[in-house]
Amino acid sequence: MNVGIVGIGFMGMIHYLAYQKVRGARVAAIATRNRKRLAGDWRGIKGNFGPPGTQMDLSGITPYERWEAMLDDPSIELVDVCLPPQMHPAVAIAALEAGKHVLVEKPMALAVRDARRMMAAARASGRQLMIAHVLPFFAEYAYAYKIIRSGKYGRMLGGHFKRIIADPSWIKDFFDPNTVGGPVVDLHIHDAHFIRLACGMPRAVFSTGRLRGEMVEFFESQFLFDDQQLAVTASGGVIAQQGRSFTHGFEIYLERATLVYDFAVIGDQPTLNIPLTVLGPKAQVLRPKLPEVDAFVAELTEAVGSARRNEPSSLLSAEIALDALQLCDRQTQSVRTGKLVRV
């Protein structure tokens, strides 16, 4: 399957590298307005994980300065959109209308109304619209999701999820509501998506926190479900912790066990504070052997398979991605108003 990547920033580079390990797929084209990157000079690319950018050999890959020209290429079957979020709707809709399958890096869009337009375009085109929520492909989260779905330890009673970063000064416009969308939409949406996958859609949210300008800087949220015994919370955002650039993890409470996991980047070093652990019903402390998997390779393998079959992927579902975006929108409303907000 010939893939065209639109946007060569950090995520565009991560996807490009991952496609090299995806069977049955090749990056056939890239589109970027940055002429240096179009020529393979990716040395200015950086992120808060993964390798730094380097000089790339793009032999055999068709370069496009305009993404519109890529859509005119009949050989491109799957368009992978790794642009700033405010550009996702226009490019995704145009690609679908051009008859391409589309994978869009999260967040799906910055506004719920735009996400709905994208879904309408997908239905009209008969092509797959997939949203690249990678978290369920990480081994720890994949294991937790499998355990929840299987009912091995009974039903889920609740849990807490966290995703916190240092101030990302290297991301331009991080707190711009019209460009990146801030910590809730750019960062926490990973956990909102996982909560939606694991628990279904909450009926309401209550969030407290603080704002930086128009955007939520840090928050604590409680998700309220029709099942009042299901107690789920999340925390996320930006705090003064420059020595710990990133941390995420969870505690998931089941009827007969608890799952715990905690990871951080401290002093630029990956630090596994608590490996995935199952606290069993008879005081067992189990450390499951997890597969060594590249989450991005697994995610893109799923996307290519879904496109090839022209069948939806449950993990890359645009419907669930829309629900996650709606949750983020309601959480932001709750922080701003100090009130419980119905979903």
Distance col, row Y64:OH vs L38:CG, nearest 0.5 angstrom, shows 11.0 Å

Would you kindly confirm whether L187 and V335 end up in one hydrophobic cluster when ILVMFWY residues are joined by side chain heavy atoms under 4.5 Å apart? no

What about L157 and Y153, same hydrophobic cluster or not, with Ile/Leu/Val/Met/Phe/Trp/Tyr joined at side-chain heavy-atom distances under 4.5 Å? no

Which atom of P291 lies closest to which atom of A139, heavy atoms considered: O-CB, 3.9 Å

Where do A144 and I252 come nearest, in terms of heavy atoms and distance? CB-CD1, 3.7 Å

Pairs involving residues 26-37, ordered by first then second residue, that meet side chain to side chain donor-acceptor pair (under 3.5 Å) (sequence neighbours left out): N2-R26, R35-E65

For R210, give me all partners under salt bridge (Lys or Arg N to Asp or Glu O under 4.0 Å), at least two apart in sequence or on another chain. E217

Can you tell me if Q228 has over 12 outside heavy atoms packed within less than 6.0 Å of its CD? no

Can you tell me if CG on D268 sees more than 12 non-hydrogen neighbours from other groups inside 6.0 Å? no

Kindly state each residue pair satisfying ring pair (Phe, Tyr, Trp, His ring centres under 6.0 Å) with at least one member in residues 222-242, sequence neighbours excluded. none

Between the OH atom in Y19 and the OG1 atom in T301, the distance rounded to the nearest 0.5 Å is 9.5 Å

Do R212 and D167 sit within salt-bridge range, that is, some charged N less than 4.0 Å from a carboxylate O? yes

In the structure I gave you, are the side-chain heavy atoms of I76 and L78 within less than 4.5 Å of one another anywhere? no

Taking the side chain as every heavy atom from C-beta outward, state whether H190 and V134 have any atom pair closer than 4.5 Å. yes

Test ring pair (Phe, Tyr, Trp, His ring centres under 6.0 Å) applied to H15 - qualifying residues, sequence neighbours left out: none

Any non-hydrogen side-chain atom of L58 less than 4.5 Å from a side-chain atom of P63? no

With a 4.5 Å heavy-atom cut-off, do C82 and I8 have their side chains touching? no

Do the side chains of M87 and I131 join up, straight or via other hydrophobic residues, at under 4.5 Å, putting them in one cluster? yes

Sequence neighbours excluded - ring pair (Phe, Tyr, Trp, His ring centres under 6.0 Å) pairs with any residue from residues 105-138: H133-H193

Taking the side chain as everything from C-beta on, heavy atoms only, tell me whether T277 gets closer than 4.5 Å to V285. yes

Say you draw a straight line from CG of L135 to CD1 of I195; how long is it, rounded to the nearest 0.5 Å? 10.0 Å

Considering all heavy atoms, the nearest P107-I189 contact: CB-CD1, 3.9 Å

Candidate pair Q331 and S221, rule side-chain hydrogen bond (donor to acceptor under 3.5 Å, both in side chains), full reasoning: CA-CA 7 Å; Q331 289 171 264; S221 286; 2.8 Å; yes

Heavy-atom count around R203 CZ within 6.0 Å, excluding the residue itself: above 12? yes

Can you name the side-chain contact (heavy atoms from CB on, under 4.5 Å) partners of S317, sequence neighbours left out? E319, I320

First locate atom CD1 of I239, then atom CD1 of I165, and finally report the distance between them rounded to the nearest 0.5 Å. 10.0 Å

Could you tell me whether the side chains of S313 and E302 share a donor-acceptor contact shorter than 3.5 Å? yes

Beyond-backbone contact of V102 with R127, side-chain heavy atoms, under 4.5 angstrom: no

Look up atom CG in D114 and atom CZ in R117, then write down how far apart they are to the nearest 0.5 Å. 4.5 Å

Kindly state each residue pair satisfying ring pair (Phe, Tyr, Trp, His ring centres under 6.0 Å) with at least one member in residues 77-111, sequence neighbours excluded. none

Tell me, which pairs form a ring pair (Phe, Tyr, Trp, His ring centres under 6.0 Å) where one or both residues lie in residues 194-219, sequence neighbours left out? Y141-F194, F161-F194, H188-F219

Who passes side-chain contact (heavy atoms from CB on, under 4.5 Å) against K152, sequence neighbours left out? I147, S150

Measure the shortest side-chain to side-chain distance between W67 and V79 over non-hydrogen atoms and say whether it is less than 4.5 angstrom. no

Measuring only between side-chain heavy atoms, which start at C-beta, is M156 closer than 4.5 Å to C199? yes

What pairs meet the salt bridge (Lys or Arg N to Asp or Glu O under 4.0 Å) rule with one or both residues in residues 248-265, with sequence neighbours excluded? R155-E255, K162-D262

Polar side-chain atom of N310 near backbone of G126 as donor-acceptor pair, under 3.5 Å: yes

List, by chain and then residue number, the residues other than I266 in its hydrophobic cluster (Ile/Leu/Val/Met/Phe/Trp/Tyr, side-chain heavy atoms under 4.5 Å); write none if there are no others. none

Whether S334 side chain and S207 backbone form a donor-acceptor pair below 3.5 Å: yes

Kindly compute the distance separating CD (Q333) from CG (L340), expressed to the nearest 0.5 Å. 11.0 Å

Please enumerate all residues that pass salt bridge (Lys or Arg N to Asp or Glu O under 4.0 Å) together with E311, with sequence neighbours excluded. R309

Start with the C-alpha distance between D80 and Y16, add both sets of side-chain angles, then the distance that settles side-chain hydrogen bond (donor to acceptor under 3.5 Å, both in side chains), and finish with yes or no. CA-CA 10 Å; D80 185 333; Y16 173 84; over 6 Å; no

Shortest non-hydrogen contact from D323 toward R196: OD2-NE, 2.7 Å

Shortest non-hydrogen contact between A122 and L129, atoms and distance: CB-CB, 3.6 Å

Identify the two heavy atoms, one from F250 and one from E140, that lie closest to each other, and give their separation to 0.1 Å. CZ-O, 3.9 Å

With a 3.5 Å cut-off and no angle check, do the side chains of Q222 and T233 form a donor-acceptor pair? no

Kindly check if the number of other-residue, nucleotide or ligand heavy atoms within 6.0 Å of CD (Q229) is above 12? no

